[in-house]
Novice: 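A single structure is presented below for examination.
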Amino acid sequence: MPVSTVSSLNPPRRLLFGPGPSQVAPQVYEAMGKSIVGHLDPFFFEVVEDIRRDLRTVFGTKNPFIHVISGTGSAGMETALSNFVEPGQKLAVLVSGYFSERIAEMGHRHGASVVRLDKPWGQNFSEAEVAAFLDKEKPHAVAFVHAETSTGVLQDPSAVTRPAKAVGAITIMDCVTSLGAIPINLDAHGVDVAFSCTQKGLSCPPGLSPVTVSPAAVEILRARKTACPIWYMDLKLLLEYYDGAHRYHHTAPISAFYALHQGLALVNEEGLEARFARHVKAAAEFVRRIEAANLKMFVPAGSRITHLNTVCVPEGADELKARKRLIAEHGIEIAGGFGPLAGKIFRIGLMGPLATEDNAALLVDALISCLHN
Ligand SMILES: Cc1ncc(COP(=O)(O)O)c(C=O)c1O
């Protein structure tokens with residue numbers, strides 16, 4: 001038998017300026033290294049309760065129903081769809097990017113009758129457009145992405161929730177990229193079901209997906225006649241584990257919960273408003289420097305995601321080569337576009353600990369040096 005020569009893992013040090021995962025603070029790594037307890041230990045449920053309380057603040061909700069799915073953002077997406085859209089029910093999806101496409105695809109796989117309102121990637125939806133679509137379709141549910149990571153476009157949630165309420169449809173909002181870096185204000189917008197992740201605005205490692213459900217949507221869940229087709233994501237079963245009897249459902253990834261607990265503690269320590277303001281300042285400096293260098297932002301001002309900027313690849317530049325050089329020469333990770341935007345944009349995150357004006361300067365200087373030399 002060959003003897004393994006691997007001693008310890010030595011990952012390269014990177015500055016994570018991509019769309020996620022974002023840079024993880026040392027305190028979060030430290031929390032992950034703490035001794036685990038069992039998944040039925042009273043201490044674990046104390047950790048869970050702290051997390052639920054702090055997540056309410058970042059989501060801007062008083063929803064009693066707020067839980068964490070063991071899985072990445074896509075697991076939250078699948079949880080929302082599998083619990084709230086039964087086979088044959090009509091699901092309306094607002095599609096203008098890669099992740100809204102994913103919602104439509106998951107809807108199909110769950111047997112929903114999917115109807116789509118399509119716009120070119122990089123655009124958002126006006127209330128009038130959504131109202132006309134929903135009036136015509138009268139769906140059971142409407143799903144949309146708050147911050148579309150594939151394009152850098154922000155969607156106003158109320159432009160969807162108001163017309164949805166008018167036709168009695170429940171709303172499902174993807175907050176994977178927005179949570180923790182920009183205001184969500186779930187209750188003010190009247191969103192029914194929202195899901196997110198840990199590895200972007202909350203700057204924790206990937207692996208968990210916070211999900212919250214309005215009291216009205218909880219009633220819909222309770223009234224559901226068929227069982228959720230995905231046992232692992234069945235919210236009724238998960239409630240028996242996290243709430244009340246704490247009956248075993250699955251072995252929760254304890255260290256990932258520790259990380260989220262610490263990540264949320266850092267958000268509290270800084271203060272949510274101060275955190276949002278820091279992201280806005282860093283983004284403003286980034287855009288100022290990009291434009292001063294005669295580069296062009298892909299999304300018009302006013303529709304941009306503050307902490308996920310998309311920059312047009314200048315004529316004649318090689319997008320992939322520039323990104324490879326950024327990694328090799330500066331240890332900086334950014335991302336490129338995909339689908340219709342492949343090769344046309346850079347996707348650049350300024351989130352979590354890296355969202356500062358100094359880092360915006362460092363990043364733009366590095367990008368320019370890798371584009372032009
Ligand atoms: C808007 C959006 N939705 C869903 C996802 C899927 O999340 P994950 O990759 O954590 O499964 C992502 C990932 O980048 C995303 O940006």
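Excluded from the calculations below are hydrogen atoms, water molecules and symmetry mates; all remaining heavy atoms, backbone and side chain alike, are included. Small disclaimer: the values here were computed from a predicted structure and weren't measured. Whatever order the structure lists them in is the order used to number ligands and atoms, beginning at 1.
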Novice: Could you tell me whether E49 and R53 make a salt bridge, using a distance below 4.0 angstrom between a side-chain N and a carboxylate O?
Specialist: no
Novice: Given side-chain hydrogen bond (donor to acceptor under 3.5 Å, both in side chains), test N268 with D54 step by step and report yes or no.
Specialist: CA-CA 8 Å; N268 284 341; D54 292 346; 3.2 Å; yes
Novice: Would you sort out whether Y248 and H39 count as a ring-ring contact (aromatic ring centres under 6.0 Å, His included), showing the intermediate values?
Specialist: CA-CA 8 Å; Y248 164 70; H39 57 290; 5.4 Å; yes
Novice: If the plane angle is over 60° it's perpendicular, under 30° parallel, otherwise tilted; pick one for F338 and Y98.
Specialist: parallel
Novice: Non-hydrogen atoms closer than 4.0 Å to ligand 1: which protein residues do they belong to? List them by chain and number, please.
Specialist: T72, G73, S74, M77, F99, R102, V145, A147, T149, D174, V176, T177, Q199, K200
Novice: Run the numbers on I345 and V311 for side-chain contact (heavy atoms from CB on, under 4.5 Å), then give the verdict.
Specialist: CA-CA 5 Å; I345 57 169; V311 176; over 6 Å; no
Novice: Tell me whether the guanidinium CZ or amine NZ of K119 lies under 6.0 angstrom from the six-membered ring centre of F125 and within 45° of its axis.
Specialist: yes
